[in-house]
Enquirer: 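To start, I am sharing the structure in question, which I have written as structure tokens.
Counting begins at 1 with the first residue of the sequence.
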Amino acid sequence: MPLTESLWRSTRSFFPLFQRQLELANARTVCVVGASDGKFVLPLARSGYRVTAIDRDQPALEGDLPNPGLRQRLAAEELTDRVDIITGDVLDLVDSQAHDGIWTSCSWHYSINHRRPLKDFTNALQSLCSAGGLLGAEYMMPVEPRHEQIEHYLDEEEIRAYFPGWEAIWETYTPAFDEAPHPGQPSWHRHRMGLFIGRRQNESRPRPTAY
């Protein structure tokens, strides 16, 4: 049993599908982009993976009383040695280590990431992945008219254009659903989610776009 629980514990996720693909691929290293307080980091570390956790939200990583952050949760379960934490923006990382697997959950739709084109974000994710490695990305789809004007909310099949040369393993979408309050959303709200799990086929990693 986990000694602490993530503030995101009740949010829906396709993550178990990605975990299964990591097992089938005999992956050893995984990078979680948008690690927050460790909803996905801790299960990976418990399973024996070497994990890199990236997030720019320092309170989520370090703790915001009374809520434990990622470091405290890792320490409570004696998993600190299995996880490397990077406090920063994935868009600013250059020449980072390649990993067998990359996971991100609904990270690029946050308004703070709208300042850069979505292609910059997806290129940054690809730059973290080794040739033959896996990437799992679940993302928000449009459910309101305003979302249709924002490229970071992708509709069906649109994600394929951002991952050319990748073998699609899973691609699926939910209908619109109501979700309970969670950090950043203090009341019940409506979501629609997509999932892309792909395997990188090309050898050269794209470099993040410099500004």
Side-chain angles (χ1 to χ4, degrees), residues 13-36 38-57 61 70 74 79-109 113 116-139 152 154 157-172 193-211:
S13 178
F14 291 110
F15 181 64
L17 295 177
F18 182 66
Q19 285 182 294
R20 179 57 180 155
Q21 293 302 317
L22 290 175
E23 294 169 5
L24 293 174
N26 295 316
R28 296 184 179 181
T29 62
V30 185
C31 180
V32 178
V33 177
S36 189
K39 175 178 178 175
F40 306 113
V41 173
L42 271 76
L44 290 168
R46 292 183 198 118
S47 297
Y49 296 102
R50 183 76 198 180
V51 184
T52 300
I54 302 174
D55 206 301
R56 59 181 295 156
D57 185 352
L61 299 177
L70 176 58
L74 290 170
L79 295 170
T80 300
D81 291 344
R82 299 212 61 83
V83 179
D84 299 313
I85 297 175
I86 298 176
T87 305
D89 192 328
V90 68
L91 291 168
D92 298 328
L93 300 181
V94 179
D95 295 329
S96 300
Q97 173 188 354
H99 301 76
D100 300 329
I102 310 296
W103 172 256
T104 193
S105 175
C106 303
S107 53
W108 64 61
H109 81 279
N113 291 323
R116 297 264 292 268
L118 178 55
K119 188 64 175 176
D120 289 358
F121 202 102
T122 57
N123 277 350
L125 294 176
Q126 293 177 66
S127 75
L128 296 169
C129 191
S130 61
L134 298 173
L135 180 140
E138 56 186 11
Y139 55 92
H152 297 67
L154 296 175
E157 300 185 2
E158 289 183 344
I159 195 169
R160 298 178 189 178
Y162 293 90
F163 292 93
W166 284 64
E167 174 194 0
I169 299 172
W170 277 89
E171 188 174 358
T172 191
M193 290 172 58
L195 169 71
F196 176 82
I197 298 177
R199 180 178 288 110
R200 189 172 149 221
Q201 301 296 292
N202 55 327
E203 293 292 328
S204 61
R205 293 192 286 158
R207 291 175 59 84
T209 305
Y211 280 78

Enquirer: Minimum heavy-atom separation for S107 to N113, with atom names?
Expert: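 Reported closest heavy-atom pair: O-ND2, 2.8 Å.
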Enquirer: Rounded to the nearest 0.5 Å, what separation is found between the OG1 atom of T80 and the CG atom of L74?
Expert: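 It is 5.5 Å, given to the nearest 0.5 Å.
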Enquirer: Taking all non-hydrogen atoms of both residues into account, name the closest pair between V51 and A45 and its distance.
Expert: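 The pair with the smallest heavy-atom distance is CG2-N, 3.9 Å.
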Enquirer: Once side-chain contact (heavy atoms from CB on, under 4.5 Å) is applied, do any residues pair with H152, and if so which ones, sequence neighbours excluded?
Expert: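 By the side-chain contact (heavy atoms from CB on, under 4.5 Å) rule, H152 matches W108, H114, L118, I150.
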Enquirer: Mind checking the SG-CG spacing from C129 to L125? Nearest 0.5 Å is all I need.
Expert: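 Spacing of SG (C129) from CG (L125) equals 9.5 Å.
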Enquirer: Does the pair L79 and R46 meet the rule for a side-chain contact (heavy atoms from CB on, under 4.5 Å), with working shown?
Expert: CA-CA 7 Å; L79 295 170; R46 292 183 198 118; 3.8 Å; yes
Enquirer: According to the interplanar angle, ranging from 0 to 90°, do the rings of F196 and F163 count as parallel (below 30°), tilted (30 to 60°) or perpendicular (above 60°)?
Expert: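 Ring orientation of F196 relative to F163: parallel.
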Enquirer: Output the distance between atom CZ (R200) and atom CG (L128), rounded to the nearest 0.5 Å.
Expert: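 The CG atom of L128 is 10.0 Å from CZ of R200, to the nearest 0.5 Å.
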Enquirer: Taking side chain as C-beta onward, heavy atoms only, is L135 less than 4.5 Å from I197?
Expert: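 Result no, sub-4.5 Å side-chain heavy-atom pair not found.
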Enquirer: Can you tell me how far apart CD1 (I102) and SG (C31) are? Round to the nearest 0.5 Å.
Expert: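 Atom-to-atom, I102:CD1 and C31:SG are 4.5 Å apart.
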Enquirer: Could you verify whether a donor N or O on one side chain and an acceptor N or O on the other, from Q19 and S47, lie under 3.5 Å apart?
Expert: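 Judged by distance alone, the side chains do not pair up.
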Enquirer: Is there a side-chain contact between Y139 and S105 (heavy atoms, below 4.5 Å)?
Expert: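 Answer no - side chains too far apart.
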Enquirer: How about Q126 and W166: does a side-chain donor come under 3.5 Å of a side-chain acceptor?
Expert: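 Indeed, the side chains of Q126 and W166 share at least one donor-acceptor pair under 3.5 Å.
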Enquirer: Find out whether R56 and T87 are in side-chain contact, i.e. whether some heavy atom of one side chain is under 4.5 Å from a heavy atom of the other.
Expert: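 They are not in contact (no side-chain heavy atoms under 4.5 Å apart), so the answer is no.
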Enquirer: Taking only residues two or more places apart in sequence, or in another chain, which ones meet E171 in a side-chain hydrogen bond (donor to acceptor under 3.5 Å, both in side chains)?
Expert: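 Once residues adjacent in sequence are excluded, the partners of E171 under the side-chain hydrogen bond (donor to acceptor under 3.5 Å, both in side chains) criterion are R160, Y173.
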Enquirer: Looking at side-chain heavy atoms only, is the closest gap between L93 and L91 below 4.5 Å?
Expert: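 Answer no - side chains too far apart.
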Enquirer: Looking at Q201 and G165, would you say the former's side chain and the latter's main chain have a donor-acceptor pair under 3.5 Å?
Expert: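 No; judged by distance alone, with no hydrogens or angles, the pair does not exist.
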Enquirer: Identify each donor-acceptor pair in which a side-chain atom of residues 23-30 lies under 3.5 Å from a protein atom, sequence neighbours left out, and give them as a table.
Expert:
unit_1, atom_1, unit_2, atom_2, d
E23, OE1, R20, NH1, 3.1
T29, OG1, D100, N, 3.0

Enquirer: Could you report the tightest heavy-atom contact between L70 and G38, atom names first, then the distance?
Expert: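 Closest approach of L70 to G38: CD1-CA, 3.7 Å.
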Enquirer: I'd like to know whether R50 forms a salt bridge (Lys or Arg N to Asp or Glu O under 4.0 Å) with D84, so could you lay out the CA-CA distance, the side-chain angles of the two residues, the decisive distance to 0.1 Å, and finally the verdict.
Expert: CA-CA 8 Å; R50 183 76 198 180; D84 299 313; 2.7 Å; yes
Enquirer: Which residue in the set T122, V33, V32, I54 passes side-chain contact (heavy atoms from CB on, under 4.5 Å) when paired with T104?
Expert: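 When T122, V33, V32, I54 are each tested with T104, the side-chain contact (heavy atoms from CB on, under 4.5 Å) holds only for V33.
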Enquirer: Test side-chain contact (heavy atoms from CB on, under 4.5 Å) on L22 and W103 and set out the steps.
Expert: CA-CA 10 Å; L22 290 175; W103 172 256; over 6 Å; no
Enquirer: If I compare all heavy atoms of P164 with all of K119, which pair ends up nearest, and what's the gap?
Expert: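 Residues P164 and K119, closest heavy atoms: CD-NZ, 3.8 Å.
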Enquirer: Could you give me the CA-CA distance, side-chain angles and deciding distance for S13 and F18, then say whether side-chain contact (heavy atoms from CB on, under 4.5 Å) is met?
Expert: CA-CA 10 Å; S13 178; F18 182 66; over 6 Å; no
Enquirer: To the nearest 0.5 Å, what is the distance between CZ on R82 and CG on L44?
Expert: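 So the CZ of R82 and the CG of L44 are separated by 10.5 Å.
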Enquirer: Please find the pair of heavy atoms, one from D55 and one from S36, that lie closest to each other, and give the distance.
Expert: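 That would be OD2-N, 2.8 Å.
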Enquirer: Check the side chains of H99 and T52 for a donor-acceptor pair under 3.5 angstrom, ignoring hydrogens and angles.
Expert: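 Result is yes, a qualifying pair exists.
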